2 protein chains.
Amino acid sequence: MTKAYNNHDRLLVAVDCIIFGFDGTEIKALLVKRSLEPEKGKWSLMGGFVSAKESVHDAATRVLENLTGLDNVYMEQLHCFGDVKRDAAGRVISVAYFALIKLDDYKEALLQKHQASWHSLHKIPAVVFDHKKMIALSLERLQQKAIAYPIGFELLPTKFTMQQLQALYEAVYNNSFDKRNFTKKILSLNILNRLTEKEKTTSRKGSFLYTFDKKKYNLLKKQGIKLL
Amino acid sequence: MTKAYNNHDRLLVAVDCIIFGFDGTEIKALLVKRSLEPEKGKWSLMGGFVSAKESVHDAATRVLENLTGLDNVYMEQLHCFGDVKRDAAGRVISVAYFALIKLDDYKEALLQKHQASWHSLHKIPAVVFDHKKMIALSLERLQQKAIAYPIGFELLPTKFTMQQLQALYEAVYNNSFDKRNFTKKILSLNILNRLTEKEKTTSRKGSFLYTFDKKKYNLLKKQGIKLL
DNA sequence: TAGAATAAGTGTAATTTTTACGTTTATTTA
DNA sequence: TAAATAAACGTAAAAATTACACTTATTCTA
């Protein structure tokens, strides 16, 4: 380390992950019971400290994988929260990340281990520090993200019905759309593949299953896509 | 500080400011000659370290005011850059901010003092560390921002002509628009006030001056505005 | 002082996108 | 085989976007 930097303060740097999942009806966020003082036992985002030898991004990935058992998860940085008094126990700045996972992938065992559980965005309990702000901001980001990025890639099973996809967008925007117009618009983007296979549990007729076509999407993205 | 946090590493935390201005034709970024080792004398964003007693946001405001002599500047957080080796001299994470200022407000004296100068976004010289990435990302953010926020508030003089406003948007998007359609769209938003006054230096006929109406804009924003 | 030169200001038709809205179809079960 | 269920599908009206060129106000100069 160069001498020039010696005079400056060093701060604790944490990461916190807002993890979203979709249960078919609602967008949910994964919260854990905080495992250390202060505020031990209260609801909290999953977080951890950044060590000197890892990048901030790697720290977030580590925390996420540790909690969910998943790697290759969609994750992006949300915002750095840097208020002096944001952590009751001392000066800690936190870089918040938000992640999208397929709710079913989440391992029940880990859920137990970390005393984690899914909470509807409309019924978030009291959470520690500034985590409420983090969650609020991440929802805004999710809504904004969903305009240009097919979040269904991450939040739905590989094969899904048009109804499921629509329910997802309705949950994200807390709004309802016309079925015909929704289908029309999504299909016009030409990023879905309709399978011959049908999902038969929800109706007698059965509904077609679709998959996202990542190649088509990437092609489209270059031109500046707008999903909704 | 609680004991629970004692084991964790503390890191140097910096802020870097990407400062945009508009000269009537081009979007420019303000760069300074770096004043400390390593890489002293090379082009750099204006930055500084976050002290233990100030918020990250306050640090960015301080750095910005110190360089430009301006307060009440539009500024928002861009991204936290946290790679282990991003700073050649040691582990420093940097929170980048981007700011929009009226180029003319910028004090010549400070420009001298910090060896600062404006650089066209298309001709950014070699800059230290990961500042090139920061600048690139901030341009993306500016473009995205300009869709929903009237950046002219910040980048143009209080009174401006339709031509100046169009030139600004053309510079941001590196694109050209039809004059009639541009005017039509902007006026339809109803956030401009046309003055009786005219700007006569650029033409014999003279062009009307406009001002932004912040009240009308705030009203519109609640409904979810789209500027372009 | 009339006309030439300059840049500003303005309108309309064609196309595309978005919205609103109800009926038909495939399948199962009684 | 009829009834019930949810899926699939199309069209007309409205709104937004695009493409496109002439008129106007003013000044300068001949």
Side-chain angles (χ1 to χ4, degrees), chain A residues 24-25 143 146-148 150 152 156-157 159-211 220 223-228, chain B residues 24-25 143 146-148 150 152 156-157 159-211 220 223-228:
Chain A
T25 307
Q143 292 179 335
I147 293 172
L156 291 175
K159 297 173 182 182
F160 54 88
T161 65
M162 196 56 78
Q163 289 73 21
Q164 291 175 295
L165 185 61
Q166 180 167 349
L168 171 60
Y169 278 89
E170 291 184 337
V172 168
Y173 292 107
N174 194 27
N175 202 340
S176 70
F177 306 113
D178 178 85
K179 184 170 52 154
R180 283 158 296 185
N181 292 339
F182 181 84
T183 307
K184 206 188 310 178
K185 194 157 190 176
I186 291 288
L187 290 180
S188 76
L189 294 168
N190 199 34
I191 57 169
L192 297 185
N193 293 320
R194 188 165 93 169
L195 309 179
T196 48
E197 206 178 335
K198 281 192 166 190
E199 155 64 44
K200 306 283 284 246
T201 59
T202 51
S203 83
R204 295 186 173 152
K205 187 176 178 178
S207 29
F208 284 108
L209 287 164
Y210 293 84
T211 56
L220 209 60
Q223 301 151 36
I225 191 186
K226 182 167 169 268
L227 262 78
L228 223 63
Chain B
T25 308
Q143 293 179 336
I147 292 172
L156 290 176
K159 299 172 181 182
F160 53 88
T161 65
M162 195 55 79
Q163 289 74 23
Q164 290 175 297
L165 185 61
Q166 178 167 351
L168 171 60
Y169 278 88
E170 290 184 338
V172 168
Y173 292 107
N174 195 25
N175 203 338
S176 69
F177 306 116
D178 178 84
K179 184 171 53 156
R180 284 159 295 187
N181 293 339
F182 182 84
T183 307
K184 206 189 310 179
K185 193 159 191 176
I186 291 289
L187 290 180
S188 76
L189 296 168
N190 199 34
I191 56 170
L192 296 186
N193 293 319
R194 188 166 94 168
L195 309 179
T196 48
E197 208 177 334
K198 282 191 162 190
E199 155 64 45
K200 307 281 286 242
T201 60
T202 53
S203 83
R204 294 182 175 156
K205 186 175 180 179
S207 27
F208 283 109
L209 288 165
Y210 293 84
T211 56
L220 208 62
Q223 302 150 34
I225 192 185
K226 184 168 168 268
L227 262 78
L228 223 62

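Below, each value reflects all heavy atoms present in this structure, side chains not excepted, and no hydrogens, waters or symmetry copies. Residue numbering restarts at 1 for every chain, and letters A, B, ... go by the order of the sequence lines. Predicted model only: the values in this text are computed from it and were never measured.
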* Could you give me the CA-CA distance, side-chain angles and deciding distance for Lys198(A) and Ser207(A), then say whether side chain to side chain contact (heavy atoms under 4.5 Å, CB included) is met? => CA-CA 5 Å; Lys198(A) 281 192 166 190; Ser207(A) 29; over 6 Å; no
* Asked: Does Thr161(A) offer a backbone N or O that forms a donor-acceptor pair with the side chain of Glu199(A) under 3.5 Å?
  -> no
* Asked: From Phe182(A) CZ over to Gln163(A) CD, what is the distance, rounded to the nearest 0.5 angstrom?
  -> 10.0 Å
* Structure fact -> NZ of Lys185(A) to CZ of Arg180(A), rounded to nearest 0.5 Å, is 16.0 Å
* Excluding sequence neighbours, so at least two apart, what forms side chain to side chain donor-acceptor pair (under 3.5 Å) with Lys159(A)? -> Glu197(A)
* **Nearest atoms (heavy-atom pairs only) where Asp178(A) meets Gln166(A)** => C-NE2, 4.1 Å
* Apply side chain to side chain contact (heavy atoms under 4.5 Å, CB included) to the pair Leu228(B) and Ile147(B), showing each step before the final yes or no. => CA-CA 5 Å; Leu228(B) 223 62; Ile147(B) 292 172; 5.7 Å; no
* Do the non-hydrogen side-chain atoms of Glu170(A) and Asn175(A) ever get within less than 4.5 Å of each other? -> no
* **Heavy-atom closest pair, residues Lys200(A) and Arg204(A)** => CE-O, 4.0 Å
What's touching nucleotides 3-5 of chain D from the protein side, N or O pairs under 3.5 Å?
| unit_1 | atom_1 | unit_2 | atom_2 | d |
| --- | --- | --- | --- | --- |
| dA4(D) | N3 | Arg204(A) | NH1 | 3.3 |

* Heavy atom of residues 161-169 of chain B under 4.0 Å from DNA chain C: which residues? -> Gln163(B)
* For Met162(A) and Leu187(A), which heavy atoms make the closest approach, and how far apart are they? -> CE-CD2, 3.7 Å
* Name every residue in residues 186-201 of chain B that has at least one heavy atom under 4.0 Å from any atom of DNA chain C, in order of residue number, or write none if there are no such residues. => Arg194(B)
* Evaluate the criterion side chain to side chain contact (heavy atoms under 4.5 Å, CB included) for residue pair Leu168(A) and Phe160(A); output intermediate values, then yes/no. => CA-CA 11 Å; Leu168(A) 171 60; Phe160(A) 54 88; over 6 Å; no
* **Phe177(B) and Tyr173(B) aromatic ring geometry - parallel, tilted or perpendicular at 30°/60° bounds** => perpendicular
* Nearest-0.5 Å distance that lies between atom OG1 in Thr211(A) and atom CG in Leu195(A) -> 5.0 Å
* Structure fact -> For nucleotides 13-18 of chain C, 5' to 3', base contacts (B), sugar-phosphate-only contacts (S) and non-contacts (-) with protein non-hydrogen atoms under 4.0 Å give -----S
* **Members of residues 174-182 of chain B that approach DNA chain C, where some heavy atom sits under 4.0 Å away** => Lys179(B), Arg180(B)
* **side chain to side chain contact (heavy atoms under 4.5 Å, CB included), paired with Ile186(B), selected from Asn181(B), Leu165(B), Ile191(B)** => Leu165(B)
* Full working for side chain to side chain contact (heavy atoms under 4.5 Å, CB included) between Phe208(A) and Thr196(A) -> CA-CA 7 Å; Phe208(A) 284 108; Thr196(A) 48; 5.9 Å; no
